[in-house]
2 protein chains.
Amino acid sequence: MEETQVKKIPNATAKRLPLYYRNLKFLEELGTCRINSSEFSKLVQVPSATIRKDFSHFGELGRSGYGYEVSYLISVFSQTLNVKEVTKLALVGAGNLGKALLKNNFRRNDDLVITCAFDNNETLSGTTVGEIPIYSMKELTQQIKKRKIGTAISTVPSKYSQNAIDLLVNSGVTAILNFAPGRVKVPKHVHVHYIDLTTELQTLVYFNENM
Amino acid sequence: MEETQVKKIPNATAKRLPLYYRNLKFLEELGTCRINSSEFSKLVQVPSATIRKDFSHFGELGRSGYGYEVSYLISVFSQTLNVKEVTKLALVGAGNLGKALLKNNFRRNDDLVITCAFDNNETLSGTTVGEIPIYSMKELTQQIKKRKIGTAISTVPSKYSQNAIDLLVNSGVTAILNFAPGRVKVPKHVHVHYIDLTTELQTLVYFNENM
DNA sequence: TCTCTTTTGTGATAACGTTCACAAAAAAGA
DNA sequence: TCTTTTTTGTGAACGTTATCACAAAAGAGA
């Protein structure tokens with residue numbers, strides 16, 4: 001009987017994993033091969049007790065009086081985050097923000113790659129940004145199915161957001177990062193996360209004024 | 001003895017306020033002047049019980065068997081979020097992402113305005129994006145003090161992020177939205193929030209694969 | 001080897017957040 | 001007016017997350 005993934009990983013822990021992973025890679029680049037929870041705490045700005053609790057959900061990863069082996073932590077978390085496998089992304093909406101994301105294209109990350117983009121504006125159709133081709137919305141379903149893409153980023157304005165997301169979902173996409181703030185309706189098996197700059201700023205200003 | 005802001009508003013509630021506010025403004029535009037918690041729940045995708053609990057921290061805002069007056073909710077939340085007062089923002093880092101943000105400049109929001117930008121690249125100095133002037137980093141302190149800016153957005157790459165943020169903090173900025181993932185050191189009175197696309201996507205993919 | 005130091009892993013506890021479920025208030029209808 | 005319906009506001013129950021605090025394990029040094 002295999003002993004993989006014993007208990008369910010708490011939500012709050014899962015959300016911190018990418019942060020941990022990124023900082024472990026950073027330590028690896030620096031040549032650091034050993035880290036203890038209080039040093040790591042300074043780096044990621046999460047309390048050391050929380051770090052130890054989080055790590056403990058993956059088994060006993062460390063050694064008392066020594067700390068954690070950076071390379072071993074990376075191997076454990078890269079498995080959980082499934083970073084060995086490249087996640088191909090589609091981008092819908094090649095406006096200012098969309099183009100900026102295409103130009104960056106997660107250059108520092110080898111596990112996330114935007115492979116195609118779509119826009120309403122027919123004049124963009126056939127052009128490329130970097131190496132990434134922009135297609136018309138009519139070609140969306142065909143391209144996404146052909147490329148077997150399951151994850152997408154939408155920078156389509158709120159007004160047209162629901163339409164774009166319906167199209168993505170009907171083409172087989174099950175995970176969407178949406179930059180438009182209005183909540184969209186999707187089937188239960190589809191995951192939508194929102195990044196809303198206005199909300200982030202208003203929250204920031206609120207906490208700044210009230211704490 | 002004034003009875004303003006009786007109990008402390010829970011963190012989780014405060015984070016949902018901008019979402020509530022935005023959707024109430026949307027309802028107002030539509031001409032809806034009355035809403036009950038279960039209808040509002042469908043719109044914002046937050047359970048109705050949570051909405052009522054959240055609202056209750058601001059007093060008894062509704063009427064049994066009727067619901068809530070949209071305009072009254074807006075007046076209460078706009079006070080808490082302090083949206084009547086315009087928050088002037090500075091942007092540091094006028095690369096792809098920075099320029100995209102300048103071009104958008106929260107057009108749909110009258111309470112947030114980017115008024116100046118700064119970049120390392122001297123050739124940008126003296127140019128504008130839209131109406132917004134780009135200055136060199138040498139002019140940062142002077143401009144921020146002159147304009148009495150307390151809030152900033154940084155799209156400076158991780159490597160130079162700490163430097164840029166030190167400069168902002170020394171110029172009097174106390175709230176920063178940082179697009180670089182590496183955690184920066186700031187004095188206790190300064191608030192930093194992070195938006196990290198890679199983390200967002202990895203979390204999204206993780207939840208998509210594991211739930 | 002023995003002692004001292006470091007640091008983990010984790011039960012216990014506290015803090016925080018969500019959801020339930022319903023009495024009471026107000027509205028709507030007859 | 002009286003009855004029925006709607007919907008709030010909120011204690012209480014529940015669930016999740018953070019933090020504490022320390023025994024036990026392992027390292028380091030003599």
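The sequence lines fix the lettering, A, B, ..., with proteins before strands; numbering per chain opens at 1. FYI, side chains are in, hydrogens and waters are out, and symmetry mates aren't considered; it's all heavy atoms of this structure.
Listed candidates were dT18(C), dT8(C), dA27(C). Nearest to the side chain of Arg63(B) is dA27(C). For Glu60(B), the side-chain atoms get nearest to dT10(D) when compared with the rest of dT7(D), dT10(D), dT18(C). Closest to the Arg34(B) side chain, of the nucleotides dT18(C), dA28(C), dT8(C), is dA28(C). Checked against dG9(C), dT17(D), dG9(D), the side chain of Pro10(A) finds its nearest nucleotide in dT17(D).
To the nearest angstrom, P of dA26(D) lies 15 Å from CG of Leu61(A). Per the geometry, CG belonging to Asn36(B) stands 14 Å off P belonging to dA27(C), to the nearest Å. Between Asn11(A) atom CG and dA18(D) atom C1' the separation is 15 Å, expressed in whole Å. Between the CD1 atom of Ile35(B) and the C1' atom of dT8(D) there is a distance of 14 Å, rounded to whole Å. One interatomic measurement links the two molecules: CG of Asp54(A) to P of dT10(C), which rounds to 13 Å at whole-angstrom precision. Rounded to an integer number of Å, the gap from Arg52(A) CZ to dT19(D) C1' is 10 Å. Ile51(A) has its CD1 atom 9 Å from the P atom of dT8(C), to the nearest Å. The nearest whole Å value for the distance from the CZ atom in Phe55(B) to the P atom in dG9(D) is 9 Å.
At a cut-off of 3.5 angstrom, counting only N and O atoms as typed in the model, there is a donor on one side and an acceptor on the other between the side-chain of Lys53(B) and the base of dT19(C).
Taking 4.0 angstrom as the limit, Thr13(A) places none of its side-chain polar atoms (N or O) nearer than this to OP1 or OP2 of dT17(D). Considering only side-chain N and O atoms, Ser64(B) lies nowhere under 4.0 angstrom from the phosphate OP1 or OP2 of dA24(C). A close approach under 4.0 Å does not occur between any side-chain nitrogen or oxygen of Ser37(B) and OP1 or OP2 of dT7(D).
Heavy atoms of Tyr68(A) sit under 4.0 angstrom from primed sugar atoms or phosphate atoms, though from no base atom.
For the pair Arg34(A) and Tyr68(A), the cation-pi test (distance below 6.0 Å, angle within 45°) is failed.
Mapping Arg16(A) and Ala49(B) onto DNA chain D by nearest heavy atom places Ala49(B) closer to the 5' end of the strand.
More than 12 non-hydrogen atoms from other residues, nucleotides or ligands lie less than 6.0 angstrom from CZ of Phe106(A).
In this model, a donor atom of one side chain and an acceptor atom of the other lie less than 3.5 Å apart for Gln202(B) and Asp111(A).
Phe207(A) has its side chain within reach of Lys15(B): a pair of non-hydrogen atoms, C-beta onward, lies under 4.5 Å apart.
Here Thr174(B) contributes atom OG1 and Glu209(A) contributes atom CD; the two are 8.5 Å apart, rounded to the nearest 0.5 Å.
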